[in-house]
2 protein chains.
Amino acid sequence: MQVIQFSQARASMEPQRKDIHNSEIPAVCVSCEARHGGICGTLSPSQLTELSRHTKRRKVTGGSEVIGQGEQLNAYSNILSGVVKLSKMMADGRQQIVGLQFAPDFMGRPFLRESQVAAEAAVDIEVCSMPKAIIDRMIADTPELEHKIHEQTLKELDEARDWMLTLGRKTAQEKVASFLHMIAMHIDPESADKRSFDLPLTRADIADFLGLTIETVSRQMTKLRRDGIIRIENNRHVTCPDMERLRRAAGND
Amino acid sequence: MQVIQFSQARASMEPQRKDIHNSEIPAVCVSCEARHGGICGTLSPSQLTELSRHTKRRKVTGGSEVIGQGEQLNAYSNILSGVVKLSKMMADGRQQIVGLQFAPDFMGRPFLRESQVAAEAAVDIEVCSMPKAIIDRMIADTPELEHKIHEQTLKELDEARDWMLTLGRKTAQEKVASFLHMIAMHIDPESADKRSFDLPLTRADIADFLGLTIETVSRQMTKLRRDGIIRIENNRHVTCPDMERLRRAAGND
DNA sequence: CGTGGGTTTGATACTTATCAACTTAGGTGG
DNA sequence: CCACCTAAGTTGATAAGTATCAAACCCACG
């Protein structure tokens, strides 16, 4: 269980006063989907109160850009629900998705003025945005906050490197299987049953993620379907009765 | 100029005492190539003294493994000279280089027991190794140290994502040009003249970095040479009279 | 009931991999 | 010092995989 450090310590000693400490936390935060697991968990009640005065929850419809590549970076966000795709584009329009982020991930590049990547809502999402300046200040005097963000950065780096192996060395078939497997594992962290899920990306997005064309993605999906590894309904909903077969098709040992 | 915070502050006020403060710093560190720019710059003299009792400078010959993929991670290292390649391998032997590190980079994955990647000396290198436990403890009570490492993690993440675009969307020609351009920029941070440099990797390594075969790398090098964009001597030494042409060949606008 | 975005399928072209032969550079020992 | 040896690199012919171009399909939606 991940809660505010301060209240966690006290709560364990004086459980009957837990509600009092929770009441110190802004109401919007108490019920927030991202508080457990998100970066806010490292902030003190007073910091949370200060921050919450400047945060804004907002919905972004799928396909809308949250931040553009090379754009000025004035805010960070926590993803409360949905999936965000991070992409890079070349001058001639060729595009590569370089990462996907899921709730309760933290979005934004600390210590840099402008974004190196474009962030776009893959599906309808909800985020909690906060001014960059305030977080940057809190990072400076809350080591736990920097640590939390650092942990996520390291996780993203591990994922990026895994994906480099996929991009550089796997076949189209393995790439598509790797993508499906990755989505199955990430899309619904709570659900124990990973065998059925909705794809958060169109075929075009999947192609941009895998360094393939739409047609090749489609053909490989068809092949996985014909081989009985997956079933597809309405183009978006995938069922995979045997995850182990999918893993093997993905080239993971 | 990047020096110990404490001595920097004092030195600027009492410059005549600078040598005294320097004398507090272990001799091995004072002359260390990595102290400026490396992570040690954030440590206090007393921390440096403690750390230096456990550090060990060592040379590793090119081709030797520094740490294996999935291996237990007991030490961190600073690269003092040379180039290290980080790679991932699939069960069937397919390999992808996922990053290169240059002096004075910090090597090791904080907060994790085992390495997700293999690290191998690309050329003869010199490193300063230190026990993981000591650094982990110092990270916990020296926020500046975690910040410094965090900055490098972010840099590596940016680089990894840049490379994903190269792997996923560039042609063989653009990949090879991108590689040469990247090496030209990184290999000798001090030198102002980036037009002439030695490749730290064999053709096989370059192929593993670019997701290509040796033959394709060789053919594209030949083509760049025929086009007059580069000259090659002894297979390893490259001269590029016009960096702008190389940049364009790399597909960077 | 037509329209259009997203998707699938097919025919063909092109890029890169594979296999094989050859060349070059660097190191070793006679 | 030269001949030999080996690893690294180049070049060529062919095969395989994926992209490209084109057409059809399918559904959701107006």
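To find a chain, count down the sequence lines: A is the first, B the second, and so on, and within it residues start at 1. None of the values given here were measured: they were computed from a predicted structure.
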Enquirer: Closest approach of B/F102 and B/I187, non-hydrogen atoms and distance?
Expert: CE2-CD1, 3.9 Å
Enquirer: How bent is the helix from C/dC1-D/dG30 to C/dG30-D/dC1, measuring the angle between the end axes built from five pairs each, rounded to 10°?
Expert: 30°
Enquirer: Go along nucleotides 5-15 of chain D 5' to 3' and tag each nucleotide: B for a protein heavy atom under 4.0 Å from its base, S when only backbone or sugar atoms are that close, - otherwise.
Expert: ----SBBBB--
Enquirer: For B/L210 and C/dT16, give me the distance from atom CG to atom C1', rounded to whole Å.
Expert: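 Those two atoms, CG and C1', are 13 Å apart.
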Enquirer: Heavy atoms, side chains only, cut-off 4.5 Å: are B/Q116 and B/K88 in contact?
Expert: yes
Enquirer: Write down the distance between CD (B/E174) and C1' (C/dT15), rounded to a whole number of angstrom.
Expert: 13 Å
Enquirer: Any heavy-atom pair between the side chains of B/E33 and B/N78 that's under 4.5 Å?
Expert: no
Enquirer: Can you tell whether the side chains of A/K148 and A/E151 come within less than 4.0 Å, N to carboxylate O?
Expert: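 No salt bridge links A/K148 with A/E151.
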Enquirer: Do B/V176 and B/M221 come within less than 4.5 Å of each other through their side chains, counting heavy atoms only?
Expert: yes
Enquirer: Distance check needed: C/dT15 C1' versus B/K170 NZ, whole Å only.
Expert: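 Interatomic distance, NZ of B/K170 to C1' of C/dT15: 18 Å.
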Enquirer: What I'd like to find out is whether the side chain of A/L199 reaches to under 4.5 Å of the side chain of A/D205, using heavy atoms alone.
Expert: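 A side-chain contact under 4.5 Å is absent here.
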Enquirer: Whole-Å distance between C/dT15 C1' and B/Q173 CD?
Expert: 13 Å
Enquirer: Distance check needed: C/dG26 C1' versus B/H237 NE2, whole Å only.
Expert: 18 Å
Enquirer: Nearest whole Å is fine: how far is C/dT16 C1' from B/R169 CZ?
Expert: 16 Å
Enquirer: Distance check needed: C/dT7 P versus A/L212 CG, whole Å only.
Expert: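 Rounding to the nearest Å, CG of A/L212 and P of C/dT7 are 15 Å apart.
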Enquirer: Looking at side-chain heavy atoms only, is the closest gap between A/D208 and B/R169 below 4.5 Å?
Expert: yes
Enquirer: Could you check whether the rings of A/H150 and B/H150 sit parallel, tilted or perpendicular, using 30° and 60° as the cut-offs?
Expert: parallel
Enquirer: Select base, sugar-phosphate, or nothing to describe what A/G211 touches, counting heavy atoms under 4.0 Å on all strands.
Expert: sugar-phosphate
Enquirer: If a protein heavy atom is under 4.0 Å from the base, mark B; if only from the sugar-phosphate, S; if neither, -; do that for nucleotides 23-30 of chain D going 5' to 3'.
Expert: --------
Enquirer: At their closest point, which heavy atom of A/M182 faces which heavy atom of A/F209, and how far apart are they?
Expert: CE-CE2, 3.3 Å
Enquirer: Atom CG of A/D205 and atom C1' of C/dT7: how far apart are they, to the nearest Å?
Expert: 14 Å
Enquirer: Determine, for B/K155 against B/D105, whether the closest basic-nitrogen to carboxylate-oxygen distance falls under 4.0 angstrom.
Expert: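 Judged by the 4.0 Å cut-off on N to carboxylate O distance, B/K155 and B/D105 do form a salt bridge.
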Enquirer: Let me confirm one number: the CG-OG distance from B/N74 to B/S115, rounded to the nearest 0.5 Å.
Expert: 11.5 Å
